[in-house]
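Take a look at the structure set out below.
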Amino acid sequence: MFGIVRIFTLGALMTGLGGLVIFLLTLGWPPFRHLISRLPGSVVYLPLAAAILAVLLGLAISTGQPWPLGTSLIERSLWLVLLPLGFLFGEAAWIIARLQSNDYKIGLIGGLVAILALVLTLWPYLQMNLSIAPMEKELQAGLGGNIPSNAKFRLTPFSLIDYFSAPKQVSSVYLLTKDVVYRTVNNEKLKLDIYQPNSTVGAFPALVVIHGGGWVSGDKSEVAEFNQYMAARGWAVFSINYRLAPQSPFPASNEDIGCALAFIAQNSEKYKVDITRLALLGRSAGGTLALTAAYNPNGVSECENKPEIRAVVAYYPPLNLAEWHKMGGESANYLESFLGGTPQQRPEEYQAASPLTYAEKKGPPVLLVQSGLDQFGLNKQSAEMAQKLRTARNKVVLLDLPWAGHAFDLYFNGISNQSILYFTERFLAAAIKD
């Protein structure tokens with residue numbers, strides 16, 4: 001999938017540059033303009049057809065379909081915008097060269113089609129810019145406007161320089177300890193990776209990161225750039241593995257989360273952690289596990305002396321598992337592997353594993369992030385969870401990304417993750433500050 005998108009990106013870059021060169025030559029070099037004016041009129045249908053293909057690509061970007069290609073295209077859309085832009089330059093060159101003949105009108109039609117493709121491709125970027133102010137308002141309202149400032153925070157929700165560059169390597173400002181065993185179950189060693197600030201000054205606030213993968217796949221190495229980023233900004237980040245279904249169905253993964261927290265508490269001095277400032281962050285199924293651990297801390301008793309959770313961040317999490325099962329397809333397969341059957345067969349398990357079950361309890365501040373174009377149909381559940389949390393007088397921030405697809409943050413410098421990273425670090429700083 002990544003290879004296909006790279007091909008699209010390379011093609012867009014070549015098309016954009018090629019279209020610009022043709023346009024400039026047509027505009028400024030009469031022999032070239034004369035050459036185009038002598039081409040057969042049927043040639044104009046080729047760029048028109050290409051512009052129509054650019055519209056189809058734009059539709060995939062603006063709708064986020066199909067998964068997972070849609071999410072990848074959205075996050076690379078500012079690269080892909082060069083495709084319709086190249087066609088637009090090409091059509092403009094055709095019109096300039098063929099003004100004296102009737103077939104220049106086909107070039108006009110092609111130009112309009114290219115403009116439509118351009119708007120569709122830019123749609124995520126435009127929506128992102130329009131969403132920043134509402135998200136800032138939601139963050140301030142959810143936390144009572146009590147947002148601390150920090151020189152290490154991102155300065156803006158989005159940077160074009162960051163977008164078009166590779167993720168910054170910050171290995172000099174964090175220390176990585178890999179494959180620390182925190183629990184052994186049935187001869188299976190469960191491991192975590194620790195990203196610590198490269199500083200002699202402690203103790204650091206702790207962030208436990210729980211990967212996604214529908215409870216059946218995934219690994220602690222997921223989005224390592226995020227762990228590095230947070231460690232470079234003063235967090236001790238613990239990225240954990242847990243047992244996966246169907247070999248280890250519910251509540252195995254929930255038990256492992258609790259035991260990982262107990263392990264961190266027991267070794268807080270060793271890893272320079274201030275265990276009184278601990279937060280969880282989970283993606284997709286990991287968000288489900290994080291919320292359940294925070295709002296039902298006594299539901300799993302395998303390991304004792306679990307620390308208090310001060311904040312939870314959940315990106316695009318399933319929250320009402322029985323309702324999500326109705327989506328069918330891949331969603332139902334994940335759930336049946338995790339919970340051992342359908343909601344009709346395992347109603348108690350579906351209820352116990354759903355964070356929505358515990359939303360009316362008192363708990364720590366929560367940041368919910370929902371993808372408006374979530375290909376797994378999860379873009380409505382976070383709103384219901386947020387409302388129940390507010391009813392229970394819990395602090396909650398719900399950030400809606402109407403342009404984004406599921407797993408948007410796998411693209412660290414993408415349109416979506418940059419903006420959410422900006423709000424995530426400020427939410428966490430406010431939630432755990434003393």
Using side chain to side chain donor-acceptor pair (under 3.5 Å) as the criterion, list what pairs up with Arg426, not counting sequence neighbours. Glu136

Return all side-chain donor-acceptor pairs below 3.5 angstrom for residues 396-406, not counting sequence neighbours, or 'none' if the list is empty.
unit_1: Asp400; atom_1: OD1; unit_2: Gln370; atom_2: NE2; d: 3.3
unit_1: Trp403; atom_1: NE1; unit_2: Ser416; atom_2: OG; d: 2.7
unit_1: His406; atom_1: ND1; unit_2: Asp374; atom_2: OD1; d: 3.4
unit_1: His406; atom_1: ND1; unit_2: Asp374; atom_2: OD2; d: 2.8
unit_1: His406; atom_1: NE2; unit_2: Ser284; atom_2: OG; d: 3.0

Is any side-chain heavy atom of Val369 less than 4.5 Å from a side-chain heavy atom of Tyr315? yes

Start with the C-alpha gap between Tyr195 and Trp235, add the side-chain angles, then the distance that decides, and say whether ring pair (Phe, Tyr, Trp, His ring centres under 6.0 Å) holds. CA-CA 8 Å; Tyr195 300 75; Trp235 289 82; over 10 Å; no

Please determine whether the number of non-hydrogen atoms from other residues, nucleotides or ligands lying under 6.0 Å from atom CD of Gln351 exceeds 12. no

Side chain to side chain contact (heavy atoms under 4.5 Å, CB included) between Lys178 and Leu176, intermediate numbers included: CA-CA 6 Å; Lys178 291 180 66 68; Leu176 173 59; 3.7 Å; yes

Would you please name every residue forming a side chain to side chain donor-acceptor pair (under 3.5 Å) with Tyr334, sequence neighbours left out? Glu330

Qualifying residues under side chain to side chain contact (heavy atoms under 4.5 Å, CB included), relative to Thr342, sequence neighbours excluded: His325, Glu336, Gln344, Gln345

Residues passing the side chain to side chain contact (heavy atoms under 4.5 Å, CB included) test with Ala60, sequence neighbours excluded, are Leu73

Under the side chain to side chain contact (heavy atoms under 4.5 Å, CB included) rule, what do Phe8 and Leu80 come out as? Steps first, then yes or no, please. CA-CA 7 Å; Phe8 283 164; Leu80 297 174; 3.8 Å; yes

Could you label the plane-to-plane angle of the Tyr271 and Phe263 rings as parallel, tilted or perpendicular, counting under 30° as parallel and over 60° as perpendicular? tilted

Can a donor-acceptor pair be found between the side chains of Asn241 and Asp219 at a distance below 3.5 Å? yes

Within this structure, what is the CG-OG1 distance for the pair Leu321 and Thr292, rounded to the nearest 0.5 Å? 7.5 Å

What distance do Asn394 atom CG and Lys362 atom NZ have between them, rounded to the nearest 0.5 Å? 4.5 Å

Residue among Pro307, Ser268, Pro205 satisfying side chain to side chain contact (heavy atoms under 4.5 Å, CB included) with Val273: Ser268

Report the distance from atom CE of Met14 to atom OG1 of Thr9, rounding to the nearest 0.5 Å. 13.0 Å

Going by side chain to side chain contact (heavy atoms under 4.5 Å, CB included), name the residues that satisfy it together with Ala252, two or more places apart in sequence or in a different chain. Arg243, Ser248

Going through the checks in order, is the side chain to side chain contact (heavy atoms under 4.5 Å, CB included) test met by Leu368 and Met385? CA-CA 9 Å; Leu368 295 169; Met385 180 81 176; 3.9 Å; yes

With Tyr125, which residues qualify under side chain to side chain donor-acceptor pair (under 3.5 Å), at least two apart? none

Under the salt bridge (Lys or Arg N to Asp or Glu O under 4.0 Å) rule, what pairs show up with a residue in residues 407-419, not counting sequence neighbours? Arg283-Asp409

Taking only residues two or more places apart in sequence, or in another chain, which ones meet Thr184 in a side chain to side chain contact (heavy atoms under 4.5 Å, CB included)? Val181, Lys189

Verdict with supporting geometry, Leu378 and Gln381, side chain to side chain contact (heavy atoms under 4.5 Å, CB included): CA-CA 6 Å; Leu378 294 168; Gln381 294 201 357; 4.2 Å; yes

How about Phe408 and Tyr316: are their ring centres within less than 6.0 Å of each other? yes

Does a side-chain heavy-atom distance below 4.5 Å link Ser239 with His211? no

Can you name the one residue among Val209, Leu291, Leu281 that meets side chain to side chain contact (heavy atoms under 4.5 Å, CB included) with Val313? Leu281

With sequence neighbours left out, write down each residue that passes salt bridge (charged side-chain N to carboxylate O under 4.0 Å, His left out) with Asp179, or none if nothing qualifies. Lys220

Search all heavy atoms of Val312 against all heavy atoms of Ala294 and return the closest pair with its distance. CG2-CB, 3.3 Å

Report the distance from atom CZ of Arg6 to atom CG of Leu10, rounding to the nearest 0.5 Å. 11.5 Å

All side chain to side chain donor-acceptor pair (under 3.5 Å) counterparts of Glu138, not counting sequence neighbours: Arg390

What residues, two or more places apart in sequence or in another chain, satisfy ring pair (Phe, Tyr, Trp, His ring centres under 6.0 Å) together with Phe338? Trp215, Phe250

First locate atom CG of Leu280, then atom CD1 of Ile309, and finally report the distance between them rounded to the nearest 0.5 Å. 4.0 Å

Geometric cation-pi criterion, Arg233 with Tyr229: 6.0 Å, 45°: yes

Within the 3.5 Å criterion, strictly below it, is a donor on Tyr411 or Thr71 matched to an acceptor on the partner's side chain? no

So, taking the atom named CE in Met327 and the one named CD in Gln375, what distance separates them when rounded to the nearest 0.5 Å? 10.0 Å

Okay, side chain of Asn413, backbone of Asp162: is any donor-acceptor separation there less than 3.5 Å? yes

Compute the centroid of each ring, for Phe89 and then for Phe23, and state whether the two points are separated by less than 6.0 Å. yes

